[in-house]
Amino acid sequence: METEKFDNNNLPSNSKNFIEQIIEEDIKNNKNGGSVHTRFPPEPNGYLHIGHAKSIILNFGLAKKYNGLCNLRFDDTNPVKEDIEYIDSIKEDIKWLGFDWEDREYYASDYFEILYEYAEKLIKKEKAYVCDLSPDEISKQRGTVTTKGIESPYRNRSIEENLDLFRRMRNGEFEEGSCVLRAKIDMSHPNMLMRDPILYRIIKTSHHRTGDKWCIYPMYDFAHGQCDSIERITHSICTLEFEVHKQLYDWFVKELEIFAPQQIEFARLNLTYTVMSKRKLLELVENKYVNGWDDPRMPTICGLRRRGYTPESIKMFSDKIGVARRDNTIDVSLLEFCVREHLNKIAERRMAVLNPLKVVITNYPDNHIEELDAVNNPEDFEKGTRKIPFSRVIYIERDDFIENPPQHFFRLSPGNEVRLRYAYFIKCTDVIKDPTTGEIKEIHCTYDPASKGGNSPDGRKVKGTIHWVSANHCIEAEIRLYDRLFLSEFPEQVEEGHNYTDYLNPDSLKIIKAFAEPSLANVDINTRFQFERIGYFTADKDTMPGKPVFNRTVTLKDSWIRKK
RNA sequence: UGUCCGAUAGUGUAAUUGGCAACACGUCUGAUUUUGGUUCAGAAGAGUCCAGGUUCGAACCCUGGUCGGACAACCA
């Protein structure tokens, strides 16, 4: 019997998603000579998000799997919305994810001349005409999904007149909005996109790549499919909303008599507790709900990167969510699982106390300092050990001490013994409170000198192990505690009279000062750590020498908090 | 009152293409543990949107419904 191999998803590796099934069928039938050529076609008008990551991983992944190639192509057909800033960020994000388009970096604007030729070809075939109707009139005459449209009075201009008008459009003789080039298809077509769609419009804005060479620009629908065709894309993979457009693209391909790519649509990614539309993401940035596109609360790739996510964890996530055609909303907890899974293996451990409580070890000699050994990563002993200073006064986490503990609480409480990680067993003897407020100011403990390193020679066991830092040696670190951006699981499902921004989580960012072990004083930006018993943290780009700033990527799983 | 697409545990994705509905996350229980982390062992949870039909046999094929989504920018 054949042994099944398992991938990340633990599904048998011979289980294929529907796109792989189509491609394998095409290869079997020797379609396009059995070759596979995909592309990732972003518009440079925003930053990439985790949904784009799914598409990037799919397109580059498919090409790799079937020995093909994947192009990067910017669909830059609208100069008023697009910007070089976005091009740079998109390229950076794809590279960071680990994909390489080599020399195949293309732009729809590279093909403007060819596209223009295509347009003239349609005019000459009496399949396109210049229409002088106003935008408003065109919209009205298009009809609705249930009613037919009306033919434009300019629909039957002669080839010569259309050619002349279109050339004059190109020459800049007309004002923006005064006329457009339209395909001549069918104003009563059940598919609205087939009702004489606009092919070219006049935009007198300089383009980030072609400058002022053009004042007419092709619409996306007239560019996208033909660009795929020009690049000989065999499998043109896109999201479901473009399904209706396929009929139009096929019409262009047929009328223009050019190579026919095969379009395959899949369902876009949605995530709980966040929004994914470019428009909303832009609003969050512009209205300062977040601090820029790379704010660690954003589902953007640069946001996730700054948050501390690894490319590997995003790829693992992409594998696990699969590819299908039905609408889906993935629980963010799956994304969090993936990053914990990876970080557990690669992140070195450190100790940091986020909410300190002073502990005086009364039987420990004053002015004495010891250097204790701590393991850098128990999942990877090759990462070695480091020294941590220990002394009479330390800080522990305030949550790790309860004066009157509930059942099954096995951290510190009066009379209870716990282990200080990598140090000693300690026992609480006194609780010092503020006489007026009753707040616990500090606690006094005694330690067992024989338990050095964390084990007692008499074999005595303790239930709890807590982290700590030495008061005289620890450093101060700024910690940014990030949480989900929205309170609502489905912020895009807006109730009457509300806006999605009403569901923003006011506590999605808390900035605190923490005490950290001295080895954290100087860290390289983007280094990821696990702060033991707390979570995974990444050194933010705001880190300065001696002044580290850490972003919380994700907390550790906590089965105690659930028990409570 | 249109066209197209979709529907499988809470969430996703599978089911050798008509043959015992599986895997992951999540949830719960237990073991191990110098992180209440990790690891390990186990459990609960769907009878496949509904109703018919074809078939020895249907998640899969057919018919009719229901529900959800996409489409009416000189956006992509």
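Within every chain, numbering begins at 1; the chains are lettered A, B, ... in the order of the sequence lines, protein sequences first and strands thereafter.
As judged by a 4.0 angstrom heavy-atom cut-off over every strand, A/L133 is placed among the base-contacting residues. Across all strands shown, A/Y200 has no heavy atoms under 4.0 Å from either base or sugar-phosphate atoms. Residue contacts for A/P378: at a heavy-atom cut-off of 4.0 Å it reaches a base atom on one of the strands shown. Among the atoms of the strands shown, base atoms are found under 4.0 Å from some heavy atom of A/F242. Here A/F409 lies in heavy-atom contact (under 4.0 Å) with a base. Among the protein residues, A/Q530 comes within range of the nucleic acid bases, having at least one heavy atom under 4.0 Å from a base atom. The residue A/N455 sits close to a base: some heavy atom pair falls under 4.0 Å. Residue-level contact check: A/H245 touches the bases, meaning some heavy atom is under 4.0 Å from a base atom. Within the 4.0 angstrom heavy-atom criterion, only backbone atoms of the sugar-phosphate kind lie near A/R325; the bases stay farther away. Residue contacts shown for A/T144 include a base, since a base heavy atom lies under 4.0 Å away. Across all strands shown, A/E43 has heavy atoms under 4.0 Å from sugar-phosphate atoms exclusively, and none from any base. Residue contacts shown for A/V323 are limited to sugar-phosphate atoms, with no base heavy atom under 4.0 Å away. Within the nucleic acid shown, A/L240 has no heavy atom closer than 4.0 Å to any nucleic acid atom. Using a 4.0 Å heavy-atom criterion, one finds that A/T147 contacts no nucleic acid atom at all.
Listed nucleotides: B/A76, B/A15, B/U35. Nearest to the side chain of A/Q21: B/A15. Each of B/G37, B/A76, B/G69 was ranked by its minimum atom distance to the side chain of A/N344; first place goes to B/G37. With B/G12, B/G68, B/A76 as the choices, the nucleotide that has an atom nearest any side-chain atom of A/D327 turns out to be B/G68. The side chain of A/W560 approaches B/G36 more closely than any other nucleotide in the set B/A14, B/C71, B/G36. With B/A76, B/G36, B/U13 as the candidates, the nucleotide lying closest to the side chain of A/N78 is B/A76. Distances were taken from every side-chain heavy atom of A/P135 (C-beta onward) to each of B/A14, B/C74, B/A76; the shortest belongs to B/C74.
Here the two rings, on A/Y200 and A/Y217, have centers that are 6.0 Å apart or farther. Between A/Y424 and A/F390, the ring centre distance stays below 6.0 Å. A ring-centre distance under 6.0 Å is found for A/H207 and A/F112.
Remark on RNA chain B: of its neighbouring residues A/F18 and A/Y422, the 5'-side contact belongs to A/F18, judged by nearest-heavy-atom nucleotide. Where A/P218 and A/S139 each meet RNA chain B at their nearest nucleotide, the meeting point lying more 5' is that of A/S139.
Taken residue by residue, residues 265-275 of chain A places no heavy atom nearer than 4.0 Å to RNA chain B.
When the P atom of B/G37 is taken as reference, atom CD of A/E341 falls 15 Å away, rounded to whole Å. Distance, A/D331 CG to B/A9 P: 15 Å, rounded to whole Å.
Judged by the 6.0 Å distance and 45° axis criteria, A/R340 is not positioned over the aromatic ring of A/Y536. Taking the ring centre of A/F529 as origin, the terminal cationic atom of A/R350 falls outside the region bounded by 6.0 Å and 45° from the ring axis. A cation-pi arrangement is not found for A/R73 relative to A/Y106, the charged atom failing to lie both closer than 6.0 Å to the ring centre and inside a 45° cone about the ring normal.
Between A/D132 and A/R157 the shortest side-chain heavy-atom distance falls below 4.5 Å. Under the 4.5 Å side-chain criterion, counting only non-hydrogen atoms from C-beta, A/I138 is not in contact with A/S152. Side-chain contact between A/N59 and A/S55: present, with at least one pair of heavy atoms (C-beta onward) separated by less than 4.5 Å.
Of the candidates A/E348, A/K345, A/R349, A/R349 is the only one forming a side chain to side chain donor-acceptor pair (under 3.5 Å) with A/N377. For the salt bridge (charged side-chain N to carboxylate O under 4.0 Å, His left out) with A/E417, the lone residue among A/K427, A/K461, A/R460, A/R411 that qualifies is A/R460.
Remark: the A/E265 side chain and the A/Q263 side chain contain an N/O donor-acceptor pair separated by less than 3.5 Å. Side-chain N/O atoms of A/D75 and A/H224 include a donor and acceptor closer than 3.5 Å. In this model, no donor atom of one side chain and acceptor atom of the other lie less than 3.5 Å apart for A/H49 and A/T300. Of the N and O atoms on the side chains of A/R39 and A/S236, at least one donor lies less than 3.5 Å from an acceptor on the other residue. A donor-acceptor contact closer than 3.5 angstrom is absent between the side chains of A/D136 and A/S134.
A/R326 contributes no side-chain N or O that forms a donor-acceptor pair with the base of B/G69 under 3.5 Å.
Rounded to the nearest Å, the gap between the P atom of B/C25 and that of B/C40 is 10 Å. A distance of about 28 Å separates the C1' atoms of B/A51 and B/U11, rounded to the whole Å. Only the C1' atoms considered, B/A14 is 7 Å distant from B/C23, to the nearest whole Å. Taking the P atoms as reference points, B/C60 lies 14 Å from B/A15, given to the whole Å. Nucleotides B/A58 and B/C50 are separated by 15 Å at their P atoms, to the nearest Å.
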What's touching nucleotides 1-4 of chain B from the protein side, N or O pairs under 3.5 Å?
| residue | atom | partner | partner atom | Å |
| --- | --- | --- | --- | --- |
| B/G2 | N3 | A/V145 | O | 3.2 |

Write out a two-atom table: protein N or O, nucleotide N or O from nucleotides 40-43 of chain B, distance below 3.5 Å.
none

Distances under 3.5 Å between nitrogen or oxygen atoms of protein and nucleotides 44-50 of chain B:
none

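Taking each heavy atom of A/P405 and A/F409 in turn, the nearest pair found is CB-CD2, 3.6 Å.
Under the rule for a side-chain contact (heavy atoms from CB on, under 4.5 Å), the partners of A/M187 that lie at least two apart in sequence or sit in another chain are A/E151, A/R155, A/R182, A/R195, A/D196.
Counted within 6.0 Å of NZ on A/K204, heavy atoms from surrounding residues, nucleotides or ligands total more than 12; the atom is thus considered enclosed.
Close to B/U13, at under 4.0 Å from its OP1 or OP2, lies no side-chain N or O of A/S15. Applying the 4.0 Å criterion to OP1 and OP2 of B/G68, one finds that A/Q493 has every side-chain N and O outside that range. Contact annotation: A/K557 side-chain N/O to B/U38 OP1/OP2 distance is under 4.0 Å. Contact between the side-chain N/O atoms of A/R201 and the OP1/OP2 oxygens of B/C75 is found at a separation under 4.0 Å. Side-chain nitrogen and oxygen atoms of A/R142 include at least one within less than 4.0 Å of the OP1 or OP2 phosphate oxygen of B/C74.
When base pairs are accepted only as Watson-Crick or G-U wobble with both N-N or N-O distances under 3.5 Å, RNA chain B takes part in stems of 3 or more pairs at B:2-7 with B:66-71, B:10-13 with B:22-25, B:27-31 with B:39-43, B:49-53 with B:61-65.
Note: A/D319 CG to A/C338 SG = 9.0 Å, rounded to the nearest 0.5 Å.
Against the 90° criterion about 0, the sugar-base torsion of B/U17 places it in the syn range. With a glycosidic angle more than 90° from 0, B/G64 adopts the anti conformation.
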